[in-house]
Number of protein chains: 4
Amino acid sequence: MTTRPRFQYRPPNFDAPPLTGAPDARFEPAPADGVLPDGFFSTTNLPTYVKAAGAWSRPRKVRKGQPVAVGTEEDGSQGILVHAEGFLGGSHSANEFGFMQTEVSRERPVDYAVLAQLLGEEKQRGGKIVWVVGPALVHARARDDMIWFVKNGYVQALLGGNAVAVHDLEAAIFGTTLGMTSSGQGVEGGHALHMRAINQIRRAGGITAAVRQGVVTSGIMHALVTHAVPFVLAGSIRDDGPLPEVLADTLVAQDAMREVTAQATFAVFVATALHAIAVGNMLPAFVDASSPDDLRPLTTICVDQTEFVVNKLRDRGTHQAYGVVTNAQDFMHVLRFYVERWEQAQAPAPVLR
Amino acid sequence: MTTRPRFQYRPPNFDAPPLTGAPDARFEPAPADGVLPDGFFSTTNLPTYVKAAGAWSRPRKVRKGQPVAVGTEEDGSQGILVHAEGFLGGSHSANEFGFMQTEVSRERPVDYAVLAQLLGEEKQRGGKIVWVVGPALVHARARDDMIWFVKNGYVQALLGGNAVAVHDLEAAIFGTTLGMTSSGQGVEGGHALHMRAINQIRRAGGITAAVRQGVVTSGIMHALVTHAVPFVLAGSIRDDGPLPEVLADTLVAQDAMREVTAQATFAVFVATALHAIAVGNMLPAFVDASSPDDLRPLTTICVDQTEFVVNKLRDRGTHQAYGVVTNAQDFMHVLRFYVERWEQAQAPAPVLR
Amino acid sequence: MTTRPRFQYRPPNFDAPPLTGAPDARFEPAPADGVLPDGFFSTTNLPTYVKAAGAWSRPRKVRKGQPVAVGTEEDGSQGILVHAEGFLGGSHSANEFGFMQTEVSRERPVDYAVLAQLLGEEKQRGGKIVWVVGPALVHARARDDMIWFVKNGYVQALLGGNAVAVHDLEAAIFGTTLGMTSSGQGVEGGHALHMRAINQIRRAGGITAAVRQGVVTSGIMHALVTHAVPFVLAGSIRDDGPLPEVLADTLVAQDAMREVTAQATFAVFVATALHAIAVGNMLPAFVDASSPDDLRPLTTICVDQTEFVVNKLRDRGTHQAYGVVTNAQDFMHVLRFYVERWEQAQAPAPVLR
Amino acid sequence: MTTRPRFQYRPPNFDAPPLTGAPDARFEPAPADGVLPDGFFSTTNLPTYVKAAGAWSRPRKVRKGQPVAVGTEEDGSQGILVHAEGFLGGSHSANEFGFMQTEVSRERPVDYAVLAQLLGEEKQRGGKIVWVVGPALVHARARDDMIWFVKNGYVQALLGGNAVAVHDLEAAIFGTTLGMTSSGQGVEGGHALHMRAINQIRRAGGITAAVRQGVVTSGIMHALVTHAVPFVLAGSIRDDGPLPEVLADTLVAQDAMREVTAQATFAVFVATALHAIAVGNMLPAFVDASSPDDLRPLTTICVDQTEFVVNKLRDRGTHQAYGVVTNAQDFMHVLRFYVERWEQAQAPAPVLR
């Protein structure tokens with residue numbers, strides 16, 4: 001019987017050596033807009049504490065002109081503490097955290113029952129589940145599954161690029177993606193259909209407008225708009241069009257994405273290297289809480305066809321990423337199957353069947 | 001609505017030029033055991049006709065000492081005709097065959113409904129469905145799915161290596177594969193469990209004996225034995241053990257595999273490069289028949305995590321291979337789901353649903 | 001002895017049927033800024049001719065408000081002709097173009113001697129060789145090789161992103177890339193060094209300023225600045241920083257990239273999926289010329305660790321891409337070796353060697 | 001300046017607790033041929049000591065009928081000690097061994113200078129350098145490089161399969177590999193040329209005979225035969241032919257391979273999954289020596305196009321494998337370049353340069 005892995009954050013003990021004797025961190029003002037003082041402390045997505053005026057606190061986003069903590073040590077000896085041990089250490093938490101520490105490999109079995117349970121419980125507790133998706137997800141069956149997750153309350157925000165929306169809208173308007181039907185057949189003139197879809201959305205004034213006007217009556221974007229789920233479409237130099245809602249300025253897009261990730265409590269990355277790494281860069285490793293006892297790791301599932309993206313994500317600091325090496329469409333199908341089964345198991349007193 | 005792709009083999013017209021005027025093929029005796037005459041015609045897995053004594057016939061396996069057709073042209077002008085056009089050509093057969101011609105890519109949607117229908121119809125018509133499987137399939141859920149296919153009549157033969165059987169037997173005896181539980185956790189001393197499983201099977205005298213003695217009471221090998229489905233385990237230099245039924249001599253193994261492939265009417269390759277390419281080398285591109293009108297392509301589904309194996313298979317002549325680029329476990333799960341649905345749709349007059 | 005593949009563009013014969021009787025193309029005005037008329041003809045990177053006022057001409061970039069050709073056929077019957085045959089067809093050009101048509105595979109030998117010759121001849125004729133590079137190229141030896149190509153006149157423009165410049169500048173300032181030395185060893189505090197490099201460049205006011213001020217005295221960016229080779233750094237949501245020269249707005253970046261690609265006569269893509277596909281989208285398949293006889297394919301070499309990127313590039317219309325499936329560093333090293341050898345073979349009468 | 005990593009094996013201290021008080025290991029006789037007693041200790045490729053009659057010794061190959069050590073603990077408490085710390089532990093050896101511990105990734109720079117030095121020094125000290133190679137190595141330039149290594153004393157044994165020899169012999173006889181020229185062009189009738197090459201070798205009576213008779217006058221196999229370098233060609237079910245020297249029985253092949261690996265002091269695996277893993281299974285992690293002080297890790301370089309094979313190798317216990325993720329041909333070219341440079345640097349007093 002599969003049991004839920006349990007996590008328990010253990011805050012540092014500031015009242016015992018060596019932390020009790022730590023100096024305040026040293027601060028220097030930023031010399032100019034966007035320029036940090038030499039020796040600035042480079043932040044991390046793990047719980048980080050800075051000591052100032054004798055008290056330890058966890059720092060938030062560093063803004064221009066503000067005092068900036070400078071230092072090189074992460075162990076508290078310069079008044080700065082990165083507390084990786086809060087999740088990873090301790091004798092009995094080791095096993096509990098083990099689920100997320102497994103190596104990424106196509107040869108490892110994926111326990112979809114656990115993934116479904118984690119997702120279901122996150123919905124139950126009112127968490128913010130963020131999906132970061134690439135265009136491969138929009139094909140055929142996976143699109144239906146994504147819509148199912150939106151309609152059933154498992155998506156509180158969607159992050160992606162121009163392509164995922166264009167493919168979805170092409171499917172909604174013309175029934176194809178990049179000119180292929182859902183069974184993989186090409187259609188006459190199909191290569192131009194995504195450009196025609198973009199053109200129709202532009203004429204309508206945008207995706208939301210196109211849904212409201214009845215130009216788009218189905219699909220993922222339609223489901224997001226009709227269920228009032230916010231989405232951020234970040235631009236890239238690869239984009240055709242782009243669609244009106246796409247944030248072509250990458251700095252503006254990063255700010256919009258950060259607004260979403262700052263509130264995220266659960267993340268699912270499917271079939272996107274660019275967006276997964278971009279979001280991984282800004283996603284905390286933990287879900288913040290007013291009481292240290294309530295801190296918990298931010299479950300992050302990363303699905304890709306190869307081990308490469310997940311390993312890259314981990315190399316860049318998103319250590320909590322749990323890799324699922326498979327085809328995006330099959331992942332969506334199997335995950336939905338297990339979530340449906342989990343929901344049935346939660347249902348109170350089914351009279352029959 | 002998905003419709004079944006229809007195939008129609010069109011035999012060559014031997015009564016019209018240029019074939020009508022073709023010479024007999026030239027034959028030379030093999031100079032020694034295992035040595036062919038210079039200029040021998042290298043066979044293919046496509047329908048190949050040789051003209052002798054004025055009549056065209058399709059040749060079978062060339063044996064030592066027999067007369068061997070010599071020639072270099074495949075167009076009939078030297079009495080030898082390779083008839084690829086029988087499947088690929090013709091104006092309206094082009095579309096019908098299209099399903100199988102689609103490029104291999106993780107980005108193409110896979111129409112599992114069509115795969116399920118093809119598999120279901122093959123079972124209905126009493127075909128011989130051959131599965132060629134690698135050890136990745138034995139993990140966790142995929143193992144259950146494979147057992148389901150065996151029990152429900154979708155497996156007429158299984159080809160694999162030592163590892164697939166060892167992993168399955170380790171799971172049957174110890175509940176692990178390579179020392180990991182089905183949820184991917186390692187167990188104490190786990191790395192040695194596959195050696196211990198081999199040892200137990202050796203002591204019992206083999207897999208079939210171990211099933212009969214009650215040493216093995218579940219799993220894929222158990223299902224094969226209890227359902228009298230033949231299996232061939234071909235040895236490789238990578239093997240630990242190996243198990244008693246493994247054919248360590250690769251020439252003996254090839255002969256045993258050829259006995260299976262010669263009767264095959266449908267093939268599914270899952271997560272094995274070595275065995276897929278070995279079987280692909282010996283698998284005809286078509287299902288033979290007494291009447292030319294009944295010839296049909298031999299549906300070959302090849303599942304792998306990357307496009308590489310499928311492309312390699314095609315490069316080496318298994319042109320009919322339809323590639324599914326995904327995780328083996330997810331493939332098995334989704335395929336079974338669609339086959340179950342197809343079976344329900346076939347069921348006559350369900351009273352209640 | 002390897003001989004240079006020769007290409008010859010064959011313009012269409014507009015004076016013979018069916019083209020001689022083709023109607024003018026139909027034009028409609030763009031209904032609004034950025035919105036095209038329904039039925040617009042979707043352009044391609046192959047030579048495309050439009051008939052207007054009885055005369056055929058090749059169209060350039062379509063601007064807002066301009067008349068837009070509408071039609072669906074590419075064969076001239078609606079006054080629009082896409083002339084793929086100019087490069088691909090014809091009996092003897094087939095072989096000549098064969099070099100570029102070979103399938104992409106790690107198992108195919110790469111003829112570096114031909115690549116070196118093509119590159120060398122392009123430099124000789126004063127072409128514009130555009131390099132599109134990813135950060136993997138900046139490691140260790142490949143960085144030296146890239147600098148060699150810049151210094152020796154094989155780079156007329158460089159397109160990339162923030163990361164390639166950041167890694168190069170980190171190497172110039174601190175001797176590491178992402179905190180690793182050139183032999184792959186990590187250094188203390190290394191993970192923050194790329195942030196410190198960005199900070200120093202920002203303080204200097206930009207890359208060019210940092211080179212002029214002596215903050216940066218070596219590396220690829222240094223070579224570009226000191227040899228007056230233009231570069232475009234396009235932003236992405238994955239960027240840290242970014243550096244001052246990075247164009248964070250993707251539409252602005254696309255315009256800057258198009259200025260480069262419009263003049264390109266040769267392209268080399270190394271180890272970048274995002275930028276390769278973005279540039280591929282805007283790169284013509286041919287080098288334009290005043291006389292049709294001088295039109296020639298735009299040689300495009302695409303280097304990546306897997307077949308995937310090259311195949312994706314081709315799927316999206318960059319059919320001329322010649323794939324080299326290898327490690328970026330080894331590619332640079334071997335290519336430079338062959339180019340040096342080619343140069344030596346060109347050298348007139350070496351007195352002594 | 002690159003310096004050679006130095007290794008120092010540190011034998012266990014058997015005279016201090018807890019080892020001093022360890023009991024003798026428990027032994028049980030093997031109950032039948034090829035069947036071990038329950039609870040047998042599963043061996044490893046790390047230095048393993050067994051205590052019997054009060055003395056610790058390192059065990060060799062376990063033979064049928066012999067007493068077999070039984071136990072589950074590796075720490076000496078049951079008289080069995082696996083001494084991984086000999087290589088990995090100790091304060092200053094940690095850095096020294098670091099070179100080999102780096103993660104496998106296409107994004108890590110490969111220090112060819114170190115690889116060349118290790119290879120050169122191994123030749124100097126009269127080591128046994130074993131190459132394990134796949135057919136991708138035989139293409140074009142890599143074939144010349146492999147011949148160079150044979151001729152210059154860097155190859156003391158070669159392990160491979162039927163394909164590597166067939167491709168090499170096809171190249172020697174017909175100038176093609178799988179019907180392609182060295183620049184990747186197909187030739188008429190090319191697909192049959194490897195079968196014709198096999199046929200010629202069979203007629204000659206084998207590879208060695210074909211070299212002696214002048215049927216084969218160039219290539220890797222020719223170089224091996226003329227330089228008296230032993231080779232083992234292990235059969236697989238994928239083989240066409242096979243060639244006379246191929247050991248079709250995998251158990252016979254494993255024995256022949258073990259004779260080679262038992263003497264190996266250095267290993268290079270290039271572009272072969274099957275053979276790399278098979279050899280990895282039998283290759284010790286260390287070079288044995290009469291004095292413990294002379295024990296050293298057995299340098300093992302594994303080259304493949306993807307991280308997958310190297311990671312698989314490590315997962316199965318060949319922890320010492322140093323991965324180079326690149327194209328086999330480019331690897332051979334660059335390695336040879338660096339080895340030539342290393343040789344030049346070793347040359348005493350060059351008069352003129």
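All chains are named by letter (A, B, ...) in the order of the sequence lines, taking the proteins before the strands, and each is independently numbered beginning at 1.
Chain C forms more heavy-atom pairs under 4.5 Å with one residue of Thr250(A), Val279(A), Val252(A) than with any other, namely Thr250(A). Ranked by heavy-atom pairs under 4.5 Å with chain A, the first of His275(C), Met195(C), Arg196(C) is Arg196(C). Top candidate by heavy-atom pairs under 4.5 Å with chain C, chosen from Ala248(A), Gly235(A), Ala278(A), Ala273(A), is Ala248(A).
In terms of the salt bridge (Lys or Arg N to Asp or Glu O under 4.0 Å) criterion, residue partners of Arg203(C) (sequence neighbours excluded) are, by chain and number, Asp38(A). Residues passing the side chain to side chain contact (heavy atoms under 4.5 Å, CB included) test with Glu259(C), sequence neighbours excluded: none.
A donor-acceptor pair under 3.5 Å is absent between the side-chain atoms of Asn281(A) and the main chain of Asp240(C), judged by distance alone. For the pair Gln254(C) (side chain) and Asp239(A) (backbone), a donor-acceptor distance under 3.5 Å is present.
Contact of the Ser236(A) side chain with the Ile237(C) side chain is not registered, since no non-hydrogen atoms from C-beta on lie closer than 4.5 Å.
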